[in-house]
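Right, one structure below, let's go through it.
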Number of protein chains: 2
Amino acid sequence: MVARTGLLQIGQVAERTGLSLRTIRFYEENGLVRPTSRSGGGFRLYSDDDVARLEVIKRMKPLGFRLEEMQELLTLLADLTERPEDAALTDRLRMFHEAAAARVHALREQLDIAERFAADLAGRLD
Amino acid sequence: MVARTGLLQIGQVAERTGLSLRTIRFYEENGLVRPTSRSGGGFRLYSDDDVARLEVIKRMKPLGFRLEEMQELLTLLADLTERPEDAALTDRLRMFHEAAAARVHALREQLDIAERFAADLAGRLD
DNA sequence: CTCTCCCCTGACGTGAGGGTCGAGTTGCGG
DNA sequence: CCGCAACTCGACCCTCACGTCAGGGGAGAG
């Protein structure tokens with residue numbers, strides 16, 4: 001039985017987020033999400049905040065950022081909620097937004113090409 | 001000066017297709033596109049058909065097929081133009097089309113998530 | 001001839017994970 | 001308390017589609 005402390009084991013986190021155990025551990029190795037604590041035996045124990053962080057990463061993934069960049073963006077967003085006035089932070093965020101917009105554009109083009117190719121294939125099926 | 005035989009060196013093909021030299025060579029290593037011939041010194045010489053083949057591959061890429069699958073699809077399409085009656089070929093093509101449609105769907109979802117995330121970022125820039 | 005490109009092969013690196021393994025942990029039922 | 005199934009651990013190798021680097025060869029201009 002899991003304690004009602006709200007801490008989850010990696011398997012439960014995986015179920016909740018749709019990420020694989022391996023992926024979650026991989027993110028930790030790369031400094032993206034460290035579990036709040038460990039059990040006596042060494043099991044990773046995640047807080048709701050940890051899970052939220054993982055879910056943000058999951059939402060970022062389609063943008064094609066690298067893990068390193070996602071890490072930067074996560075800490076940037078955290079810093080910004082603490083010091084929203086900081087111009088340097090805002091500038092950095094603007095750059096991320098531009099990159100995201102560019103990526104959205106690229107994704108739209110890919111979708112377009114993919115749709116046309118699928119239509120071509122369909123045309124062959126007469 | 002390049003001979004007017006219509007044969008292109010790899011660099012010219014790269015320029016024409018937007019693929020990198022490395023990528024073109026890699027495709028050859030994996031049996032996707034073999035240059036029609038070689039110069040005396042061993043330079044790859046590509047015909048227009050070769051280039052067309054590369055361009056088909058480029059259009060397939062957003063669908064996320066693996067190189068092996070692209071190769072199969074390319075030969076399948078070639079076989080189909082020769083024997084359009086063959087039911088086995090048509091079936092195989094139908095499977096490719098289904099996979100393509102699924103991938104298009106997935107791409108659309110990714111685009112959706114990406115757009116929402118970009119909008120979130122924009123919202124932070126007030 | 002040299003100079004300057006362009007091209008060659010071969011080997012190793014990278015990014016984001018996936019698979020597998022043997023060993024240790026947890027916690028329930030009895 | 002013991003047994004046991006389910007869960008987890010770290011460590012390792014595998015994959016895919018290239019990028020990158022090293023060391024060399026070919027083509028044509030001057």
Side-chain angles (χ1 to χ4, degrees), chain A residues 1-5 7-46 50 54 56-74 99 103 106 110, chain B residues 1-5 7-46 50 54 56-74 99 103 106 110:
Chain A
M1 179 62 182
V2 164
R4 15 188 108 46
T5 56
L7 294 180
L8 303 172
Q9 297 190 172
I10 194 169
Q12 299 169 306
V13 173
E15 209 173 341
R16 230 150 279 218
T17 59
L19 300 168
S20 75
L21 306 198
R22 184 68 185 78
T23 297
I24 296 174
R25 286 195 274 250
F26 181 73
Y27 287 169
E28 184 182 347
E29 271 175 56
N30 287 271
L32 278 166
V33 178
R34 251 168 292 107
T36 297
S37 65
R38 295 264 188 157
S39 76
F43 283 23
R44 273 166 261 255
L45 296 175
Y46 294 88
D50 299 336
L54 283 169
V56 173
I57 294 170
K58 211 190 159 195
R59 298 205 309 130
M60 278 187 220
K61 271 176 59 184
L63 286 166
F65 289 134
R66 292 183 319 173
L67 297 193
E68 211 182 334
E69 297 169 321
M70 295 197 204
Q71 187 194 3
E72 203 201 324
L73 182 49
L74 278 172
R103 179 64 184 171
Q110 279 192 31
Chain B
M1 177 60 182
V2 165
R4 25 188 103 41
T5 57
L7 293 180
L8 303 173
Q9 297 189 171
I10 194 169
Q12 299 169 305
V13 173
E15 208 172 343
R16 230 150 278 219
T17 60
L19 300 168
S20 75
L21 305 198
R22 180 65 183 94
T23 297
I24 296 174
R25 290 193 195 111
F26 180 74
Y27 287 169
E28 184 183 348
E29 272 175 53
N30 288 270
L32 278 165
V33 179
R34 250 167 298 108
T36 296
S37 66
R38 295 265 189 157
S39 77
F43 285 20
R44 273 166 262 253
L45 297 175
Y46 295 87
D50 298 337
L54 283 168
V56 173
I57 294 169
K58 210 190 160 195
R59 300 205 309 128
M60 278 187 220
K61 270 177 61 183
L63 284 165
F65 288 136
R66 291 181 320 174
L67 297 193
E68 210 183 334
E69 297 171 320
M70 294 197 205
Q71 188 193 4
E72 203 202 323
L73 183 50
L74 278 173
R103 179 64 183 171
Q110 279 192 32

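Note that this is a predicted model, so its numbers are computed, not measured. Numbers restart at 1 for each chain; the letters A, B, ... are given by sequence-line order, proteins then strands.
Rounded to a whole Å, the CG atom of A:L54 is 15 Å from the C1' atom of C:dA16. A straight line from CD1 of A:I10 to C1' of D:dA6 spans 15 Å, rounded to a whole angstrom. Rounded to whole Å, atom P of D:dC7 lies 10 Å from atom CD of A:Q12. B:Q9 places its CD atom 8 Å from the P atom of C:dC8, with the value rounded to the nearest Å. Computed from coordinates, the A:L7 CG to C:dT26 P distance equals 14 Å when rounded to whole Å. Counting to the nearest Å, the C1' atom of D:dC9 and the CZ atom of A:F43 are 7 Å from each other. Separating the CD1 atom of B:I57 from the P atom of D:dA17 is a distance of 12 Å, rounded to the nearest angstrom.
Pairing each heavy atom of A:L7 with each of A:S37, the nearest pair is CD1-OG, 3.7 Å. For the residue pair B:A14 and B:L21, the shortest heavy atom distance occurs at CB-CD2, 3.4 Å. The minimum heavy-atom distance between A:L19 and A:Y27, with the atom names listed, is CD1-CE1, 4.2 Å. When all heavy atoms of A:L32 and A:L67 are compared, the pair lying nearest together is CD2-O, 3.5 Å. The nearest pair of heavy atoms linking B:L45 to B:P35 is O-CB, 3.5 Å.
Among residue pairs with one or both ends in residues 28-44 of chain B, those qualifying as salt bridge (Lys or Arg N to Asp or Glu O under 4.0 Å) are B:R22-B:E29, B:E28-B:R38, B:E28-B:R44; sequence neighbours excluded. Every pair passing salt bridge (Lys or Arg N to Asp or Glu O under 4.0 Å) that includes a residue from residues 63-72 of chain A is listed here, sequence neighbours excluded: A:R66-A:E68, A:E72-A:R92.
Residue B:S20 places its side chain closer to D:dG19 than to any other of C:dG17, D:dG19, C:dC8.
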When you compare the protein's N or O atoms with those of nucleotides 20-23 of chain D, which come within less than 3.5 Å of each other, and at what distance?
{"unit_1": "D:dT20", "atom_1": "O4", "unit_2": "B:R22", "atom_2": "NE", "d": "3.1"}

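The stretch residues 23-41 of chain A touches DNA chain C through A:T23, A:F26, A:Y27, A:S39, A:G40, A:G41, each having a heavy atom within less than 4.0 Å of the strand. A heavy-atom distance below 4.0 Å to DNA chain C is reached by none of the residues of residues 65-74 of chain B.
For the pair A:L74/A:M60, a side-chain contact is recorded, criterion being any heavy-atom separation below 4.5 Å from C-beta on. Taking 4.5 Å as the limit, some side-chain heavy atom of B:K61 sits within range of a side-chain heavy atom of B:M70.
Shown here are the ring pair (Phe, Tyr, Trp, His ring centres under 6.0 Å) partners of A:F65, two or more places apart in sequence or in another chain: A:F96.
Between A:K61 and C:dA16 there is no side-chain N or O to OP1 or OP2 distance below 4.0 Å.
Judged by closest nucleotide on DNA chain C, B:G42 is the one of A:L21 and B:G42 placed further toward the 5' end.
Of the inter-residue distances, the one linking B:I10 atom CD1 with B:D50 atom CG reads 11.5 Å to the nearest 0.5 angstrom.
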